[in-house]
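The structure appears below as structure tokens.
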Amino acid sequence: MKKLLMLSLITVFGLAGCGSNEEAGSSGGGGAEDDTLTIGISLPSATHGWMGALIDSAEKQAQALKESDGIEYVMTNAADPNKQANDVDDLIAQDVDVIVMLPIESAALTPVGQKIKDAGITLVIVDRELENDAATVVVKGDNEGIGVNAGKYFIEQLQGKGKIVEISGPPSSVTEQRGSGFKEAVEGQEGMEIIASQSGDFSTEKSLEVMQNILQANPQIDAVFTQDDGMALGVLQAIKEAGRTDIKFVTGAGGAKEVFEDMKNDGLMKATFLYSPTMVEDAVKIAADIAKGEEPAEPMVVKEATQVTKENVDEYYDPESKF
């Protein structure tokens, strides 16, 4: 009888032990036996065309890596810095392997970048830089180059003399670098004056409103430097609605299809400087390589700020582009 009792107890404990092992192995939370790699992607909402195209590029690249390498991804979108901070907290809680983040605002998201680093998760930043060293890799366009190249274009076209309006973006490294590059280029020209500088928040609608006010306050404007093609479209609409003929040209940044079309049709949009939303594809690929244990080739990837005018617009115009 004692022998039978012992055998029964051994059987019960043996079955219980088997059940515990099966639960651990099937855990979806990244347990010891779960070797699935996951990339977290934190992006702003698609408030304008460039961001919409970037979100689309990120999703397509992440999906391609899932199909080719079995790397999972979790993508979030936020309309403000607080929501983005909460999104990142969720990604950290999910124990993702790498996070790709485009900060809505540089200063506001800098502590969030540090939180990612403190959690032992590698961070790849896209477009707008943080104010600390939390990121392992930064992928961006040549923002200062956009400003400098635009400034040189203004000097050439206005022959060093004119009243200029600047439409900038929201507080971020992008805005600061594009603005400082432009001012650096034109400040040596005594005949050139920036008579107004206001933020259009990288929004066509906000830039339309801002430009309407600037036009009412300034009877003479020679040219407008905008830090983004979406904002340039709002500026163009305001100028058209006001019937102003004093403004010689508008410039932008990005490479939007509508901007290219205005150039091709001899509109006021005379130049833009490439800042392709497809840069996020590089960031997602780099994140995947890091997740697989590879060291990044370089800590900073900078895309060239190529100048596009009517002379070379056909090289870059794609009628099927979403941006």
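Throughout, residue positions are numbered sequentially from 1 according to the sequence presented. Everything numeric in this text was worked out from a predicted model, so none of it was measured.
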Can you tell me if [atom1] on [X] sees more than 12 non-hydrogen neighbours from other groups inside 6.0 Å?
| X | atom1 | result |
| --- | --- | --- |
| Lys163 | NZ | no |
| Lys240 | NZ | no |
| Lys115 | NZ | no |
| Glu105 | CD | yes |
| Gln220 | CD | yes |
| Glu190 | CD | no |
| Gln63 | CD | yes |

Working note: Lys83 + Asp87, criterion salt bridge (charged side-chain N to carboxylate O under 4.0 Å, His left out); need CA distance, chi angles, decisive distance, verdict. CA-CA 6 Å; Lys83 172 64 165 59; Asp87 288 345; 2.8 Å; yes

With sequence neighbours left out, the residues meeting ring-ring contact (aromatic ring centres under 6.0 Å, His included) with Tyr73 are none

What's the shortest heavy-atom distance between [X] and [Y], and which atoms?
| X | Y | answer |
| --- | --- | --- |
| Gly52 | Ala46 | CA-CB, 3.7 Å |
| Ile71 | Ala288 | CD1-CB, 3.7 Å |
| Asp246 | Ile221 | OD2-N, 2.8 Å |
| Ala150 | Phe225 | CB-CE1, 3.7 Å |
| Ala242 | Leu215 | CB-CD1, 3.9 Å |
| Asp127 | Lys140 | O-CB, 3.8 Å |

query = Is it true that Tyr153 and Val148 fall in one hydrophobic cluster, defined by side-chain heavy atoms closer than 4.5 Å?
reply = no

Is there a donor-acceptor contact under 3.5 Å linking the side chains of [X] and [Y]?
| X | Y | answer |
| --- | --- | --- |
| Glu72 | Thr38 | no |
| Asp118 | Gln114 | yes |
| Thr309 | Glu311 | yes |
| Gln216 | Gln212 | no |

Original post:
Can Thr136 and Val124 be said to form a side chain to side chain contact (heavy atoms under 4.5 Å, CB included), step by step?
Top reply: CA-CA 6 Å; Thr136 297; Val124 178; 5.8 Å; no

Indicate yes or no: at least one non-hydrogen side-chain atom of [X] is less than 4.5 angstrom from one of [Y].
| X | Y | result |
| --- | --- | --- |
| Gln227 | Thr175 | yes |
| Pro44 | Leu102 | yes |
| Val100 | Ile286 | no |
| Ile164 | Leu158 | yes |
| Glu241 | Leu208 | yes |
| Ile290 | Pro296 | yes |
| Lys270 | Gln157 | no |
| Val210 | Ile167 | yes |

Spatial distance of atom [atom1] ([X]) from atom [atom2] ([Y]) [nearest 0.5 Å]:
| X | Y | atom1 | atom2 | result |
| --- | --- | --- | --- | --- |
| Ser197 | Ile214 | OG | CD1 | 8.0 Å |
| Ser57 | Met279 | OG | CE | 10.0 Å |
| Ser172 | Arg128 | OG | CZ | 5.0 Å |
| Gln307 | Asn149 | CD | CG | 6.5 Å |
| Asn312 | Thr306 | CG | OG1 | 8.5 Å |
| Thr76 | Leu43 | OG1 | CG | 6.5 Å |

Take Met211 and Val224, measure what side chain to side chain contact (heavy atoms under 4.5 Å, CB included) needs, and give me the verdict at the end.
CA-CA 10 Å; Met211 192 63 196; Val224 183; 3.7 Å; yes

Are the side chain of [X] and the backbone N or O of [Y] linked by a donor-acceptor pair below 3.5 Å?
| X | Y | result |
| --- | --- | --- |
| Asn143 | Gln177 | no |
| Thr122 | Val98 | no |
| Gln84 | Ile104 | yes |
| Thr204 | Gly234 | no |
| Asp229 | Ala256 | yes |
| Thr251 | Thr272 | no |

Quick note, ring-ring contact (aromatic ring centres under 6.0 Å, His included) partners involving residues 273-310, not counting sequence neighbours, are Trp50-Tyr275

Per salt bridge (Lys or Arg N to Asp or Glu O under 4.0 Å), Asp222 is matched among Lys248, Lys161, Arg244 by Lys248

Show the numbers, then the answer: is there a salt bridge (charged side-chain N to carboxylate O under 4.0 Å, His left out) between Arg178 and Asp228? CA-CA 10 Å; Arg178 292 182 186 181; Asp228 166 73; 5.3 Å; no

Could you walk me through whether Glu304 and Leu274 satisfy the side chain to side chain contact (heavy atoms under 4.5 Å, CB included) test, starting with their C-alpha distance in whole Å, then the side-chain angles of each, then the deciding distance to 0.1 Å, before giving a yes or no?
CA-CA 7 Å; Glu304 186 178 353; Leu274 293 186; over 6 Å; no

Lys257 and Tyr317: CA distance, side-chain angles, deciding distance, side chain to side chain contact (heavy atoms under 4.5 Å, CB included) verdict: CA-CA 6 Å; Lys257 179 170 67 174; Tyr317 176 64; 3.5 Å; yes

N-O pairing of Lys60 and Asp56 below 4.0 Å | yes

Note to self: Using a strict threshold of under 4.0 Å (side-chain N to carboxylate O), is an ion pair present between Lys264 and Asp314?
What the structure shows: yes

Parallel, tilted or perpendicular: rings of Tyr316 and Phe260 (30°, 60°)
tilted

Joining Ile, Leu, Val, Met, Phe, Trp and Tyr whenever any side-chain heavy atoms lie under 4.5 Å apart, the cluster holding Val74 also takes in Val88, Leu91, Ile92, Val96, Ile99, Met101, Leu109, Val112, Ile116, Ile121, Leu123, Ile125, Leu130, Val138, Met300, Val302

